[in-house]
Amino acid sequence: MKSTAQMLELIGRWAERGWLRELDRAFAIFLVERAPDASPLLILAAALASHQLGRGHVCLDLEATLADSRFALSLPPEGDSAKDAPELPGVLLDGFDLDAWRAVLSDPRLVGEGPGDTPLVLSGRRLYLRRYWQYEREVRAGIDQRLRQGDTLRAALPAAQLRQALDALFPKKPGAPADWQKLACALVAGNAFGIVTGGPGTGKTTTVVKLLALLQSLALGEGGRPLRIRLAAPTGKAAARLNESIAGAVQRLDLARLANGEAAREAIPTEVTTLHRLLGSRPDSRQFRHHAGNPLALELLVVDEASMVDLEMMASLLAALPPRARLILLGDKDQLASVEAGAVLGELCSRAREGHYRPATRDWLEAVTGESIDATLLDTSGTDLDQAVAMLRHSHRFSADSGIGQLAEAVNAGDIPALRQVWKAQHEDLARIAVDAQETRSLRDLVIDGGRGGDLFGPVGYAHYLRVVSGARPADNAAQSALDGWARQVLEAHGQFQLLCALRRGPWGVEGLNSLIGDLLQREGLIPTASGWFAGRPVLVTRNDYGLGLMNGDIGITLALPQAADDGSVRWVARVAFPAGDGTDAIRWILPSRLQAVETVFAMTVHKSQGSEFTHAALLLPDSLNPILTRELVYTGITRARKWFTLASAGRGWQVLEAATERRVQRASGLLDG
């Protein structure tokens, strides 16, 4: 075994190579300063627990690390090799078992097993940094406290009035299968904490709008006042999308048969904010203005795209809610989780497909909805959480013969034979191409014209929006309204196509691809240069900027605006056009010099694409398997496509697709324990 000093030296070499973060090394040094004679394998475990936070894990799973350290830790990371590399973590743990490693961690100066002030907490096979152990406990306690209110809430709901309202909102169609939107609406109405999950096009937004109409109708009965409701999403992009969809959904509601229908419509909010704005973020601080001592003034909070909410944010959110306030989460449980630590929605919905409804829940739901619940979804030992989760099961976006829908379902189920069958069927909305780093013709065809002679009637590529940039530019003396209209055209055209990839580094990561695609577009004469602030440059915001009103994930396009010179001539200066993000069609024009955290985005990681949809999405898989490549990543990439999806693969890409489909994200966490 290495000495503690040798372990710190090795951790330092890993950090220099980029395998660990400087933060991970600093944490290891801090622990050694606190306990100089601590076991080297304790220091190793602490550095790895910190490293796992940077990869989205809440803790270090000791058992998984011992079983397969390469996959559990992603060390060496993507684009790197173990050849001529510093000693691997797995080598240091050879011959160790779980009991032996737990024994090494029994140092009360650094590691506790519960409340206390030690930097680390050991719970079973999981090693936490104390702050994240506390977040996990707070989230579980906040949810459990609301779940306990369910019986009281359901008893207070007038069953006859509830049935009448649900029938008004969801008219029964003779011979139709069980209406899960109606069942979800009833289930969540009867709980202080509820989740509506489902894939793209299953009607999550429609369901929650009808739920809000139902709750406001009941609240307004007999002269009551409307509920104070807020709508939020984790990112500015997701908030803007919900803004647009919910406003239309509220106006389309048929409330003729609902008591207080029009008053209920007026009481449904249509303004969506980000969670950071809702809680009141403070510059240069992890703290928010709203917390347990200064709670939010609301009675119901709806959070859309909840799969993107990390553990720390969920803990802050629950702390800021008044004790009696309801919380409703919407999201696709099968999408990628937040980039930050925690996969809260995925864990909470891990049993949603099988239902696990108790007979008493079934009886109540059938009584207030008139719908029948299949016996396969019953479980006499279902948990309290199971009784608050509803899964929508029918996609309205993808028809039964949709290739995209069938491909997404096969990937989501991990069904390799079904996956192969989908490709054999040669669906018109699916395509596969092979790409090569040396011979770029296939990649050029894909990104420029969509790979199949793209135009507005077929798969599109980047040439479409770049032609709008140059061909639709207003005259030198154009009014601001014309310039705004041009920007809207460009942004809409840009949303027609997006190349997605799994990795950041390497030839098939965003860093290499953005440079390569820029060169291809310049050679075609579609952009004047591939560097600097050229007209048509798409940029992705990588960090929230509240001063500019831009959120991580927002996309803007660089355009040239006319500016009058002193001599009366007109010169064109670069400005970046962003959608206003407030549900309107307004445009914000930002000076490039004010954008401190942006990157060119011809290629975008699948993680960054969450909350977005594109008419044509292409997913490029690398030539070898990587721990990042999982079923959830492939599924998320496929479901970004509305009309066409192209799978581009390098080298052994087809095998990589199948191998990734067989691997699920395993985020270390203990949220559902106990």
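These numbers were taken from a predicted model, which means no experiment stands behind them.
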Tell me whether the rings of H494 and Y465 are parallel (<30°), tilted (30 to 60°) or perpendicular (>60°).
perpendicular
Just do the side chain to side chain donor-acceptor pair (under 3.5 Å) check on R130 and T118 with the steps written out, would you?
CA-CA 7 Å; R130 174 165 294 280; T118 56; 2.9 Å; yes
Taking CZ in R225 as the centre, count heavy atoms belonging to other residues, nucleotides or ligands within less than 6.0 Å. Is the count above 12?
yes
Is the side chain of K204 donor-acceptor paired with the backbone N or O of T197 at a distance under 3.5 Å, no angle test?
no
For T558 and R575, which I'm curious about, is there any donor-acceptor pair between the side chains at under 3.5 Å?
no
With a 3.5 Å distance limit and no angle check, can you tell me whether Q216 reaches the backbone of N260 through a side-chain donor-acceptor pair?
no
Could you go through the side chain to side chain contact (heavy atoms under 4.5 Å, CB included) check for L301 and R326 one step at a time?
CA-CA 6 Å; L301 175 65; R326 300 185 186 211; over 6 Å; no
Backbone N/O of T600 and side chain of N514: donor-acceptor pair under 3.5 Å
yes
Hey, is CD on E599 packed in by over 12 heavy atoms from elsewhere, all under 6.0 Å?
yes
Assess whether side chain to side chain donor-acceptor pair (under 3.5 Å) is satisfied between S481 and D484, documenting all intermediate values.
CA-CA 5 Å; S481 59; D484 288 350; over 6 Å; no
Nearest heavy-atom neighbours spanning L127 and A46
CD2-N, 4.2 Å
Assess R131 against W133: is NZ or CZ under 6.0 Å from the centre of the six-membered ring, and within 45 degrees of the ring's axis?
no
Inspect the surroundings of CD in E271 and state if more than 12 heavy atoms from other residues, nucleotides or ligands are less than 6.0 Å away.
no
Kindly indicate, with the supporting measurements, whether the criterion side chain to side chain donor-acceptor pair (under 3.5 Å) is fulfilled by R55 and Q52.
CA-CA 5 Å; R55 296 185 52 248; Q52 291 294 72; 2.7 Å; yes
Between CG of L591 and CG of L548, what distance do you get to the nearest 0.5 Å?
9.5 Å
Rounding to 0.5 Å, atoms CG (L129) and OH (Y135) come to a distance of 10.5 Å
Does anything in residues 205-214 pair up under side chain to side chain donor-acceptor pair (under 3.5 Å), and if so which pairs, sequence neighbours excluded?
none
Can you measure from CG (D24) to NE2 (H51) and round to the nearest 0.5 angstrom?
7.5 Å
To the nearest 0.5 angstrom, please state how far the CZ atom of R230 sits from the CG atom of L275.
10.5 Å
Between D144 and R140, is there a salt bridge with N-O shorter than 4.0 Å?
yes
Is it the case that atom CD in E492 sees more than 12 heavy atoms from other parts of the structure closer than 6.0 Å?
no
Taking it one step at a time, do I143 and L348 satisfy side chain to side chain contact (heavy atoms under 4.5 Å, CB included)?
CA-CA 10 Å; I143 290 172; L348 295 175; 3.8 Å; yes
If the plane angle is over 60° it's perpendicular, under 30° parallel, otherwise tilted; pick one for F30 and F27.
parallel
Mind checking the CG-CD1 spacing from L215 to I328? Nearest 0.5 Å is all I need.
6.5 Å
Before giving the answer on side chain to side chain contact (heavy atoms under 4.5 Å, CB included), spell out for V539 and F578 the whole-Å C-alpha distance, their side-chain angles and the decisive distance to 0.1 Å.
CA-CA 10 Å; V539 294; F578 288 92; 4.2 Å; yes
Charged N to carboxylate O below 4.0 Å: is that the case for R640 and E613?
no
Determine yes or no for a side-chain-to-main-chain donor-acceptor pair under 3.5 angstrom, with S217 supplying the side chain and A259 the backbone.
yes
Interatomic spacing from OG1 in T202 to CG in L392 - rounded to 0.5 Å:
4.5 Å
Pick from L483, L491, V490: which one makes a side chain to side chain contact (heavy atoms under 4.5 Å, CB included) with I587?
L491
Side-chain polar contacts of residues 183-193 - donor-acceptor pairs under 3.5 angstrom, sequence neighbours left out - could you list them?
unit_1, atom_1, unit_2, atom_2, d
N191, OD1, R154, NH1, 3.3
N191, ND2, L187, O, 2.8
N191, ND2, Q387, O, 3.4

